[in-house]
Amino acid sequence: MLNVCVIGCGRAGMIHARSYAGAVTGARLAALCDPDEEARTRAGAELGVGRLYASWEDALADDDIDAVVVVTPTGLHRDIVVAAAAAGKHVFCEKPMASSEAECDEMIDACAAAGVKLQLGFMRRFDESLQHAHEAVLAGEIGDVVLVKSLTHGPSKPKEWMFDVRKSYGPIGEVSSHDFDELRWFAGSEVASVYAIGGNFRSPEVAEAWPEWYDSFAMTLSFADGKLGMVDGAQYVQYGYDARLEVLGTKGSILVGRQPRESYAIARADGTVVRPMNNSWSYLFREAYVREAQAFADCIAADTEPLVTGHDGKMAVRLVQMGLTSLLEKRVVFDSEVSGA
Ligand SMILES: NC(=O)c1ccc[n+]([C@@H]2O[C@H](COP(=O)([O-])OP(=O)(O)OC[C@H]3O[C@@H](n4cnc5c(N)ncnc54)[C@H](O)[C@@H]3O)[C@@H](O)[C@H]2O)c1
């Protein structure tokens, strides 16, 4: 039985903690860690966990813990993951992996040197519909892949700290890391160049104070092997949480994603049909999170490579940085390692 400690009991942390508290075979939630006393005790009471740590250093010193799930604010990921590896713990780390590629490298190297697993939190790779679509692509059902298109629109109002896009990256980082990972996964190739345009369409009141703030962007991408990519991202769309993928091949296409939350629709006497819109990533991908946690436990038990690696986390960080540079500097940005440009 794998003893897991979830570090960070916020929005995403509680999703992981609930998975390990009963839904994962071969693993159990042994401890929780959060410096915020209220978050920590609320999580412990909900999930029946008595071993609660206020500091991640103390959690890592616990010899009974075999693996940690790092779900703190992104700025802390590097320090915790490097120390966890040194303490011999297997690591699951949420996306974005870190604040820079150099930090990602440190995390990858630390886990490799310690011989522990490192899995990244791109849960869409465990979504059943996306997995079926990916298998269809590999089976050649749509011929050769020509174009991979992905969009993510989030409903929430941007928080004040996000307006400084040089630090937050804006929606390219906050909303679209998952799209970049999906594009790489479906294309089976690395991105050679990106071009992004964007604008502030929903918060004109902050335009003067934060002229670089954008709430929507459109990006085109080219892959090393010649495939094409497109990502459309938006924040504060208000109508719901919307994530969809389309793959165009030489002999067909695949669509994944739906807007309604449920499969029922209400037809009314006024001639309209009403279907409740999905409004949350945690609902849309609820089963994917459990399958992701199971895969983490399984790769440790079987001593196999995680399905989503530190390299995947690092490449998504790179694409976020390239995307923001392109948007701010209004130019195509090339990955010199991939494109040779
Ligand atoms: N995979 C996804 O779809 C997804 C979704 C949401 C968030 N995330 C990522 O998960 C991470 C957390 O985001 P969130 O939305 O849950 O944030 P959050 O603010 O809701 O929760 C963060 C928690 O970490 C705790 N924390 C702060 N400092 C800590 C420390 N030193 N040690 C331990 N815990 C500490 C906070 O008290 C808080 O409870 C971020 O990296 C975010 O990008 C991923």
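When a ligand or atom number is given, it counts from 1 through the structure's own listing order.
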Exercise. Measure across V317 and C104 and return the closest heavy-atom pair with its distance rounded to 0.1 Å.
Key: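 Taking V317 first and C104 second, the nearest heavy atoms are CG2-SG, 3.9 Å.
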
Exercise. Using a 4.5 Å cut-off on heavy atoms from C-beta on, say whether the side chain of Y289 contacts that of W281.
Key: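 Yes; the side chains approach each other to less than 4.5 Å.
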
Quiz item: Any chance the side chains of S216 and R202 put a donor and an acceptor closer than 3.5 Å?
Solution: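 The criterion, which ignores hydrogens and geometry beyond distance, is satisfied for R202 and S216.
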
Quiz item: Should the heavy atoms of other residues, nucleotides or ligands under 6.0 Å from NZ of K149 be counted, would the total exceed 12?
Solution: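 Count not over threshold, so no.
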
Exercise. For residues F186 and H134, establish whether the separation of their ring centroids is below 6.0 Å.
Key: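 Yes: the rings meet the under 6.0 Å criterion.
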
Quiz item: Under a strict 4.0 Å criterion on non-hydrogen atoms, which protein residues are in contact with ligand 1?
Solution: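 Lining ligand 1 at under 4.0 Å, by heavy atoms, one finds I7, G8, C9, G10, R11, A12, D34, P35, D36, W56, V71, T72, P73, T74, L76, H77, E94, K95, P96, G121, M123, H178, W281, Y289.
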
Quiz prompt | Contact list for residues 81-110, test ring pair (Phe, Tyr, Trp, His ring centres under 6.0 Å), sequence neighbours left out | solution =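 Listed once each, the pairs are H16-F92, F92-F296.
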
